[in-house]
**Student:** 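The following block contains the structure, expressed as structure tokens.
Every chain is numbered from 1 and lettered A, B, ... according to where its sequence line falls, protein lines coming before strand lines.
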Amino acid sequence: MNSSAPVRVRFAPSPTGHLHVGNARTALFNWLFARQSSGTMVLRIEDTDVDRSEARFEDQLIDDLKWLGLDWDEGPDVGGSFGPYRQSDRLPIYREHAERLLSEHKAYLCFCTEAELQQERERATAERRQPIYSGKCRAVDPAEAQQRRDSGEACAFRLRIPEHPIRFHDIVHGPVEFSNEVVSDPIILRSSGMPVYNYVVVIDDALMKITHVIRGDDHLSNTPKQVALYEALGWPVPEFAHLSTILGADRERLSKRHGATSIANFRDMGVLPEALVNYLALLGWAPPGGTREIFSIQELVKEFSLERVTPSPAVFDMEKLYWLNRHYIKQSSTQRIEHLALNFFRALGLLSSAHTQGLEAWFSKVMALVLPSVDRLEQLPEKAAVIFNHDAKAALTASDNAEVLGLPNTDAVLTRFTVKILEDESAREGKLTAECFKKIVNEVKAETGAKGKELFHPIRIVITGSHSGPEFDKLIPILEEGSHLALPRHVLSVHQRVEAFAKARGK
RNA sequence: GGCGCUAUCGUCUAGGGGUUAGGACGGAAGAUUCUCAAUCUUCAAACCCGGGUUCGAUUCCCGGUAGCGCUACCA
């Protein structure tokens with residue numbers, strides 16, 4: 001172990017789709033560890049699975065990582081002195097080292113066919129034996145093997161697993177030991193000449209001088225093979241840190257079935273990157289004392305510690321993410337949030353991207369009204385429906401409104417209110433102020449004797465279609481100003497709403 | 001099946017041989033408000049089971065159970 005060497009870590013995703021939250025956490029922990037120890041972060045693309053890998057996914061991955069605020073010092077896009085950083089560009093390297101292992105008798109040629117191996121495995125399972133490779137070709141004389149290879153016989157390269165238990169250290173799990181009895185001599189180079197994952201990962205990590213391998217614990221059982229490989233190659237074994245799996249609410253491995261799982265999903269929902277980073281850091285890590293929850297990414301760089309990472313699997317809790325997101329939405333500058341929020345309204349055609357006079361100031365008021373009630377930005381248009389939508393008929397027939405509409409005073413309130421608004425000069429022009437509105441409401445109160453919810457609920461039904469909702473002081477100016485803006489979806493003024501409601505009511 | 005990993009409130013976790021087992025999310029109640037949201041206050045809620053070690057285990061050890069992973073010429 002080269003613990004004194006400068007820290008070098010890597011994040012090594014397969015470009016098979018968008019960045020998943022589990023991988024994002026792995027990337028984050030690698031990055032935090034690198035940054036806090038002034039180490040080097042390497043991005044390596046594991047694209048040896050040609051069938052599933054696509055170049056465009058690599059760009060997506062990079063976008064997703066950058067969105068989270070992560071960066072790297074070496075990688076396919078930025079270069080570096082340990083490249084190439086795409087496995088598909090490293091094939092000659094893998095072959096070269098495989099040949100070396102062969103010549104040193106650390107590896108041997110295996111002539112067993114896939115069908116034979118398959119049979120052997122089936123027999124072993126049937127007889128309840130360990131389905132590991134028999135080691136049949138270990139016995140083949142190297143010279144004879146070479147001859148058979150030269151004559152064109154198909155063969156794979158297998159690593160010789162040592163005759164002793166394999167031990168390694170894991171920062172999150174402590175010492176780990178595997179009996180050599182249970183680990184097969186692994187194939188490192190297929191008969192097709194293509195190297196196998198467990199082999200290339202070792203070659204790459206070693207050649208890239210990776211000192212700490214931080215990855216998902218689904219690789220824990222593969223690690224003994226990899227350790228054996230390091231030893232066969234005569235290279236130092238790195239430190240390992242295997243991170244627990246992230247589970248869904250049903251305690252199964254988090255997958256698309258559980259809804260949003262990719263970084264892009266969260267971005268599209270209007271989750272802020274700092275909220276996601278904070279949340280991901282808290283999944284499996286806690287600061288000493290364990291009472292602090294809010295961490296900026298810079299604070300995490302300071303406070304994070306691999307030693308404090310828990311080994312047990314964690315269930316992804318959307319609600320807690322949303323809580324953090326609400327926190328960061330409040331923390332953010334209104335300018336930034338409004339800029340992000342605008343896109344959600346544009347996407348639905350509620351607002352256009354054209355410059356509309358007075359839009360910015362008006363939109364700020366809309367945001368001030370609805371922002372406190374959302375978990376994520378995508379909910380904004382729905383919350384702003386009270387502004388953009390008005391359906392008097394629906395308001396009259398909604399079951400939620402039945403009780404209020406049936407109250408003894410409601411009819412009088414509605415009638416007085418309607419008359420006053422329709423008569424009001426400023427309302428007719430869509431220039432009713434919050435003060436004037438309040439004055440009218442107070443007059444209705446005095447004339448009908450209705451107060452509290454008897455007074456406010458019917459009026460709110462007229463204006464918004466629902467008895468509960470935002471305060472009038474804030475809402476009225478938004479409606480009035482909105483009615484003067486040139487918007488794709490016209491915002492009805494108070495007067496227009498009252499008029500429509502009166503018409504629907506037929507009184 | 002074999003091997004490995006894991007096990008504290010519903011969830012994320014702190015803690016650790018003797019504690020009123022701490023915090024956060026969520027939940028409930030209350031305050032505030034015309035209502036909703038926000039905010040504030042309060043409350044409920046956990047050491048998987050069985051053995052051992054020990055004066056004393058939730059903590060250490062062993063076993064069980066459960067969950068997850070690996071067991072490929074997949075990554």
**Student:** Check every atom of B:U35, B:A75, B:C12 against the side chain of A:Leu283 and return the nucleotide holding the closest atom.
**Tutor:**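 Of all the options, the side chain of A:Leu283 is nearest to B:C12.
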
**Student:** A quick test of your reading: do over 12 heavy atoms of other residues, nucleotides or ligands sit less than 6.0 Å from CD of A:Glu403?
**Tutor:**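 Atom CD in A:Glu403 is not packed in, count stays at 12 or less.
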
**Student:** Tell me if the NZ atom of A:Lys420 is crowded by more than 12 foreign heavy atoms within 6.0 Å.
**Tutor:**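 Counting other residues, nucleotides and ligands, NZ of A:Lys420 exceeds 12 neighbours.
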
**Student:** Side chain of A:Val315: nearest nucleotide among B:C73, B:C12, B:A75?
**Tutor:**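 So the nucleotide nearest the side chain must be B:C12.
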
**Student:** Please confirm whether any donor atom in the side chain of A:Ser221 sits under 3.5 Å from an acceptor in the base of B:G69, or the reverse.
**Tutor:**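 Such a pair is found, so the answer is yes.
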
**Student:** So, does A:Arg292 get its side chain near the phosphate of B:A24, meaning an N or O under 4.0 Å from OP1 or OP2?
**Tutor:**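 A:Arg292 to B:A24 OP1/OP2: no side-chain N or O under 4.0 Å.
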
**Student:** Using a strict heavy-atom distance below 4.0 Å, which residues from residues 365-383 of chain A are in contact with RNA chain B?
**Tutor:**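 Here the set is A:Pro372, A:Ser373.
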
**Student:** OP1 or OP2 of B:U39 versus the side-chain N and O atoms of A:Lys330: is any pair under 4.0 Å?
**Tutor:**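 True: A:Lys330 side-chain N/O within range (under 4.0 Å) of B:U39 OP1/OP2.
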
**Student:** Return the nucleotide paired to B:A14: Watson-Crick means purine N1 to pyrimidine N3 with N6-O4 or O6-N4, wobble means G-U with N1-O2 and O6-N3, both under 3.5 Å.
**Tutor:**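 WC or wobble partner does not exist here.
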
**Student:** Under the 6.0 Å and 45° cation-pi test, does A:Arg215 pair with A:Phe240?
**Tutor:**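 Not satisfied by the 6.0 Å and 45° rule.
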
**Student:** Yes or no on side chain to side chain contact (heavy atoms under 4.5 Å, CB included) for A:Ile187 and A:Leu159, after CA distance, side-chain angles and deciding distance?
**Tutor:** CA-CA 6 Å; A:Ile187 292 208; A:Leu159 178 77; over 6 Å; no

**Student:** Would the number of heavy atoms belonging to other residues, nucleotides or ligands and lying under 6.0 Å from NZ of A:Lys106 be above 12?
**Tutor:**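 It does: A:Lys106 NZ has more than 12 such atoms within range.
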
**Student:** The side chain of A:Pro311 is closest to which nucleotide in this list: B:U6, B:C34, B:C73?
**Tutor:**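 Closest of the options to the side chain of A:Pro311: B:U6.
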
**Student:** If I take atom CH2 in residue A:Trp285 and atom C1' in nucleotide B:A14, what distance separates them, rounded to the nearest angstrom?
**Tutor:**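 After rounding, the reported distance stands at 12 Å.
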
**Student:** Does the cation-pi check pass for A:Arg326 over A:Tyr328, that is, NZ or CZ under 6.0 Å from the six-membered ring centre and within 45° of its axis?
**Tutor:**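 No.
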
**Student:** Report the residue (A:Asp217 or A:Phe316) whose heavy-atom-nearest nucleotide on RNA chain B is the more 5′ of the two.
**Tutor:**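 Its nucleotide being nearer the 5' end, the pick is A:Phe316.
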
**Student:** What nucleotide, of B:U6, B:C73, B:C25, holds the atom closest to the side chain of A:Asp317?
**Tutor:**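 It is B:C25.
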
**Student:** Applying a 3.5 Å limit to both distances, which nucleotide forms a Watson-Crick or G-U wobble pair with B:G26?
**Tutor:**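 Pairing partner, where one exists within any strand: none, as none qualifies.
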
**Student:** With respect to A:Asp185, which candidate in A:Arg138, A:Arg158, A:Arg160 satisfies the salt bridge (Lys or Arg N to Asp or Glu O under 4.0 Å) definition?
**Tutor:**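 Running salt bridge (Lys or Arg N to Asp or Glu O under 4.0 Å) over A:Arg138, A:Arg158, A:Arg160 with A:Asp185 returns exactly one hit, A:Arg138.
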
**Student:** For B:U6, does OP1 or OP2 lie under 4.0 Å from any side-chain N or O of A:His173?
**Tutor:**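 For B:U6, OP1/OP2 do have a side-chain N/O of A:His173 under 4.0 Å.
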
**Student:** Take atom CG of A:Leu109 and atom C1' of B:C73, then tell me their distance rounded to the nearest Å.
**Tutor:**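 From A:Leu109 CG to B:C73 C1': 13 Å.
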
**Student:** Give the nucleotide from the list B:C34, B:U11, B:G23 with an atom nearest to the side chain of A:Arg251.
**Tutor:**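 My answer, after comparing the listed nucleotides, is B:U11.
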
**Student:** With heavy atoms under 4.0 Å as the rule, sort A:Thr310 into base, sugar-phosphate or nothing.
**Tutor:**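 Sugar-phosphate, backbone atoms only, no base.
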
**Student:** Return the pairing partner of B:C34 with a 3.5 Å limit on both distances, Watson-Crick or G-U wobble; otherwise return none.
**Tutor:**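 Answer to the pairing question: none, since B:C34 forms no Watson-Crick or G-U pair.
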
**Student:** It should be established whether A:Arg326 places a side-chain nitrogen or oxygen under 4.0 Å from OP1 or OP2 of nucleotide B:G26.
**Tutor:**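 For B:G26, OP1 or OP2 has a side-chain N or O of A:Arg326 closer than 4.0 Å.
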
**Student:** Contact class for A:Ser312 vs. all strands (heavy atom < 4.0 Å): base, sugar-phosphate, or nothing?
**Tutor:**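 Result for A:Ser312 = sugar-phosphate.
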
**Student:** If you assign each of A:Pro175 and A:Trp323 to its closest nucleotide in RNA chain B, which residue comes earlier from the 5' end?
**Tutor:**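 Nearest nucleotide further toward 5': that of A:Pro175.
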
**Student:** Are a donor atom and an acceptor atom from the side chains of A:Ser332 and A:Arg336 found within less than 3.5 Å of each other?
**Tutor:**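 The criterion, which ignores hydrogens and geometry beyond distance, is satisfied for A:Arg336 and A:Ser332.
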
**Student:** Taking the six-membered ring for Trp, is the centroid-to-centroid distance between A:His258 and A:Phe316 below 6.0 Å?
**Tutor:**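 Between A:Phe316 and A:His258, which both carry aromatic rings, the centre distance is not below 6.0 Å.
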
**Student:** What's the CG-C1' distance between A:Leu324 and B:C25, to the nearest Å?
**Tutor:**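 Distance check: A:Leu324 CG to B:C25 C1' gives 9 Å.
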
**Student:** To the nearest Å, give me how far apart CG (A:Leu405) and P (B:U35) are.
**Tutor:**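 About 19 Å, once rounded to whole Å.
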
**Student:** Looking across every strand, which nucleic acid part, if any, lies under 4.0 Å from A:Tyr279 by heavy atom: base, sugar-phosphate, or nothing?
**Tutor:**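 Here A:Tyr279 touches no strand at all.
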
**Student:** Round to the nearest Å and state the distance from A:Asp185 atom CG to B:A72 atom C1'.
**Tutor:**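 Between C1' of B:A72 and CG of A:Asp185: 14 Å.
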
**Student:** Does the structure show a Watson-Crick or G-U wobble partner for B:U53, both distances under 3.5 Å? Name it, or say none.
**Tutor:**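 Paired with B:U53, as far as the under-3.5 Å criterion goes, is no nucleotide at all.
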
**Student:** When we call it a touch if two heavy atoms are under 4.0 Å apart, what does A:Leu321 touch: a base, just sugar-phosphate, or nothing?
**Tutor:**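 If one applies the 4.0 Å heavy-atom cut-off, A:Leu321 turns out to touch nothing in the nucleic acid.
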
**Student:** Check whether the ring centres of A:Phe157 and A:Tyr199 lie less than 6.0 Å apart, and answer yes or no.
**Tutor:**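 No, the ring centres sit 6.0 Å or more apart.
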
**Student:** Tell me what A:Gly284 touches on the nucleic acid: a base, only sugar-phosphate, or nothing, going by heavy atoms under 4.0 Å.
**Tutor:**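 If one applies the 4.0 Å heavy-atom cut-off, A:Gly284 turns out to touch the sugar-phosphate alone, with no base involved.
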
**Student:** Starting the side chain at C-beta, find the nucleotide from B:A24, B:A75, B:C34 nearest to A:Lys320.
**Tutor:**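 The listed nucleotide nearest to A:Lys320's side chain is B:A24.
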
**Student:** Under 4.0 Å, heavy atoms only, any strand: does A:Asp218 hit a base, just the sugar-phosphate, or nothing?
**Tutor:**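 Touches sugar-phosphate only.
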
**Student:** Looking at A:Phe111, is A:Arg148 sitting on its ring face, NZ or CZ under 6.0 Å from the six-membered ring centre and within 45 degrees of the normal?
**Tutor:**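 Verdict for A:Phe111: a cation-pi partner in A:Arg148.
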
**Student:** Return the nearest nucleotide to the side chain of A:Glu252; candidates are B:U71, B:A24, B:C68.
**Tutor:**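 Given the options B:U71, B:A24, B:C68, the side chain of A:Glu252 is closest to B:C68.
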
**Student:** Check whether the ring centres of A:Tyr279 and A:His327 lie less than 6.0 Å apart, and answer yes or no.
**Tutor:**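 They do not qualify: ring centres at least 6.0 Å apart.
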
**Student:** Under 4.0 Å between any heavy atoms, over every strand shown, what does A:Glu319 touch: base, sugar-phosphate, or nothing? Just pick one.
**Tutor:**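 Contact class for A:Glu319: sugar-phosphate only.
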
**Student:** For B:G67, what is the paired nucleotide under Watson-Crick or G-U wobble rules, both distances under 3.5 Å?
**Tutor:**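 B:C5 is the nucleotide pairing with B:G67.
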
**Student:** Using atom C1' in both nucleotides, what's the gap between B:G22 and B:G56 to the nearest angstrom?
**Tutor:**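 So the two C1' atoms sit 23 Å from each other.
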
**Student:** Measuring to OP1 and OP2 of B:U6, would you say a side-chain N or O of A:Ser244 lies under 4.0 angstrom away?
**Tutor:**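 So the side-chain polar atoms of A:Ser244 never come under 4.0 Å of the phosphate oxygens OP1 or OP2 of B:U6.
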
**Student:** Mind checking who B:A72 pairs with, Watson-Crick or G-U wobble, both distances under 3.5 Å?
**Tutor:**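 Across all strands, not a single nucleotide pairs with B:A72.
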
**Student:** A:Cys112 near the nucleic acid: base, sugar-phosphate alone, or nothing, with a heavy-atom cut-off under 4.0 Å?
**Tutor:**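 Result for A:Cys112 = base.
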
**Student:** Once you round it to whole Å, what is the distance between P of B:A14 and CG of A:Leu282?
**Tutor:**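 After rounding, the gap between these two atoms is 10 Å.
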
**Student:** Measuring from the side chain of A:Glu293 (C-beta onward, heavy atoms only), which nucleotide among B:G23, B:A75, B:C68 has the closest atom?
**Tutor:**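 It is B:G23.
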
**Student:** What integer distance in Å separates A:Ile387:CD1 from B:C36:P?
**Tutor:**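 A:Ile387 atom CD1 is separated from B:C36 atom P by 19 Å.
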
**Student:** With a 3.5 angstrom cut-off on both distances, give the Watson-Crick or G-U wobble partner of B:A46, or none if there isn't one.
**Tutor:**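 Paired with no nucleotide.
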
**Student:** Partner of B:U20 by Watson-Crick or G-U wobble geometry, both contacts under 3.5 Å, or none?
**Tutor:**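 Checking every strand shown, B:U20 finds no partner, since no pair has both distances under 3.5 Å.
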
**Student:** Which part of the nucleic acid, if any, lies within reach of A:Gly452 when heavy atoms closer than 4.0 Å are counted: base, sugar-phosphate only, or nothing?
**Tutor:**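 The residue A:Gly452 makes sugar-phosphate contact but no base contact.
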
**Student:** Below the 4.0 Å mark, does B:U33 have OP1 or OP2 next to a side-chain nitrogen or oxygen of A:Arg460?
**Tutor:**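 For B:U33, OP1/OP2 do not have a side-chain N/O of A:Arg460 under 4.0 Å.
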
**Student:** For atom P, what is the distance between B:A14 and B:A57, given to the nearest Å?
**Tutor:**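 25 Å, rounded to whole Å.
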
**Student:** B:G17 and B:C47: how far apart are their C1' atoms, nearest whole angstrom?
**Tutor:**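 Roughly 14 Å separates the two C1' atoms.
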
**Student:** For B:C73, take OP1 and OP2 only and decide whether either is under 4.0 Å from a side-chain N or O of A:Arg121.
**Tutor:**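 Indeed, a polar side-chain atom of A:Arg121 lies that close.
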
**Student:** Is A:Glu471 touching bases, backbone alone, or none of the nucleic acid, heavy atoms closer than 4.0 Å?
**Tutor:**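 A:Glu471: base contact, heavy atoms under 4.0 Å.
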
**Student:** What is the separation between atom CD1 on A:Ile132 and atom P on B:C70, rounded to the nearest whole Å?
**Tutor:**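 In whole Å, B:C70 P lies 19 Å from A:Ile132 CD1.
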
**Student:** Give the nucleotide from the list B:G23, B:G15, B:U13 with an atom nearest to the side chain of A:Arg308.
**Tutor:**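 Of the options given, the side chain of A:Arg308 lies nearest B:G15.
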
